[in-house]
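Dropping the structure in here first, questions after.
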Amino acid sequence: GHVAVLKMNPVNDYLIEFLDAALKPLIDRGFVRIVRGGTDVGQYLCNHPLVETLHITGAGASHDAIVWGTGEKGAANKAANTPINTRQITSELGAVCPTIVVPGPWSAADIRFQAEQVACQVLVLPKDWDQKSAFVQALENVIGNALPRGLYYPGAPERLAEFCTNNPTFKTVKRPGAQDLVMSTLDLGNAKARTTEVFAPALNVVEIGGQKAEAYLIAAIALANSQ
């Protein structure tokens, strides 16, 4: 129900030609405009008098910079609940996202297909599932044979190195022509592992007991929501 201006993150500028085509009916009627630019353009738009509501994707720090400001002044504004930008804002912020695998009598085709759907930083597996090893093997095969894609998001190499430091028992899954995947058992006592989005090929695995799917799912959802 709103007209919208979309400012792309510079790392995703390549998507504009596709979005222009997909949204052409709305663009032609003046409901949508797509623009390029860095932080300066974002700040201009967030504070423009014609802009009534905001939606952002990014890090929590980006949200806080818009709403409260930066540095000591921003921290003071947040503590005092005195925002510098009072527009309604919704945010899709970075997260350590899980994929929960549900146990069952899966066929080989099921295993392969679902292995191709895994796109997460934490893989939650049923510890007592008799097809667990087959699924993990299929996942490693899928990853090893995936089309190569470089590390494009700013800071990804540093966060990947930090992931390895925080998960010293990691193993490597080779990806020809691309950054190898690093894979490790999730240490729930490691706050960094639970809260830092790597935005690179890094995967923690956690196993949960429970012979039946219902009990396992209750425990897996509780883990995802609380940790």
Side-chain angles (χ1 to χ4, degrees), residues 1-71 73-75 77-78 83-99 116-122 142-143 146-163 175 177-182 192 194-204 224:
H2 294 71
V3 296
V5 57
L6 167 63
K7 188 199 80 68
M8 299 296 291
N9 186 316
V11 301
N12 288 327
D13 271 357
Y14 72 95
L15 290 172
I16 290 178
E17 64 175 298
F18 304 105
L19 292 171
D20 278 341
L23 299 176
K24 188 176 186 301
L26 297 175
I27 293 171
D28 288 349
R29 289 165 175 77
F31 298 135
V32 176
R33 287 288 182 271
I34 303 174
V35 300
R36 304 173 188 266
T39 304
D40 57 333
V41 177
Q43 290 174 337
Y44 171 79
L45 291 171
C46 286
N47 292 286
H48 195 285
L50 289 179
V51 171
E52 298 175 334
T53 63
L54 306 170
H55 176 77
I56 71 162
T57 65
S62 302
H63 167 275
D64 285 358
I66 293 168
V67 176
W68 310 109
T70 58
K73 184 112 188 305
N77 286 334
K78 189 173 184 179
I84 61 171
N85 193 324
T86 57
R87 293 168 178 81
Q88 178 185 340
I89 182 169
T90 54
S91 309
E92 185 277 307
L93 304 177
V96 176
C97 296
T99 291
E116 292 172 346
Q117 311 311 311
V118 173
C120 63
Q121 193 171 313
V122 174
V142 166
I143 291 169
L147 291 173
R149 185 180 189 185
L151 300 180
Y152 74 97
Y153 205 77
E158 292 78 10
R159 288 192 298 276
L160 196 58
E162 183 183 44
F163 179 91
R175 299 173 66 221
Q179 174 68 49
D180 294 337
L181 171 81
V182 289
K192 280 278 189 182
R194 291 185 290 104
T195 61
T196 302
E197 183 181 24
V198 182
F199 225 120
L203 182 65
N204 276 133

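Heads up: numbering here begins at 1 and tracks the sequence. This structure is a prediction, so every number in the text was calculated from the model and none was measured.
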task: Quick one: closest heavy-atom pair of Ile84 and Ala65, and the distance?
output: CD1-O, 4.1 Å
- prompt: Do Gln121 side-chain atoms and Val198 backbone N/O form a donor-acceptor pair below 3.5 Å?
  reply: yes
message: Rounded to the nearest 0.5 Å, what separates atom CG in Leu45 from atom NZ in Lys7?
response: 8.0 Å
query: Using 30° and 60° as the class limits, which term best fits the ring planes of Phe199 and Tyr153: parallel, tilted or perpendicular?
result: parallel
- request: For Lys73, check salt bridge (Lys or Arg N to Asp or Glu O under 4.0 Å) against everything at least two apart and list the hits.
  value: none
statement: When rounded to the nearest 0.5 Å, the distance separating CG of Asn204 from CZ of Arg194 is 11.0 Å
Heavy-atom pair of closest approach, residues Pro98 and Ala224: CG-CB, 4.0 Å
statement: Given the options Thr57, Asp64, Ile56, Leu93 meets side-chain contact (heavy atoms from CB on, under 4.5 Å) only with Ile56
- line: When rounded to the nearest 0.5 Å, the distance separating CG of Asp28 from CG of Asp20 is 10.0 Å
- prompt: Say you draw a straight line from CG of Leu181 to CG of Leu203; how long is it, rounded to the nearest 0.5 Å?
  reply: 6.0 Å
- prompt: Judged by atom type as modelled, is there a donor-acceptor pair below 3.5 Å linking the side chain of Asn12 to the main-chain atoms of Met8?
  reply: no
Those residues that, when tested against Thr53, pass side chain to side chain contact (heavy atoms under 4.5 Å, CB included) (two or more places apart): His2, Gln88
message: Tell me the closest heavy-atom pair linking Asp13 and Arg36, and the distance in Å.
response: CB-NH1, 3.4 Å
- request: Count the heavy atoms of every other residue, nucleotide or ligand shown that sit under 6.0 Å from OH of Tyr152, and state whether that count exceeds 12.
  value: yes
statement: Interatomic distance, CZ@Arg159 vs OG1@Thr196, rounded to 0.5 Å, equals 9.0 Å
task: Would you indicate whether the side-chain heavy atoms of Asn85 and Leu54 approach each other to under 4.5 Å?
output: yes
statement: In terms of heavy-atom contacts, His55 and Glu92 come closest through CE1-N, 4.0 Å
task: Write down the atom of Arg87, the atom of His48, and the distance for their closest heavy-atom approach.
output: NH2-O, 2.9 Å
message: Could you measure the distance from the OH atom of Tyr14 to the CG atom of Leu19? Nearest 0.5 Å is fine.
response: 10.0 Å
- request: Quick one: closest heavy-atom pair of Pro148 and Gly177, and the distance?
  value: CB-O, 3.5 Å
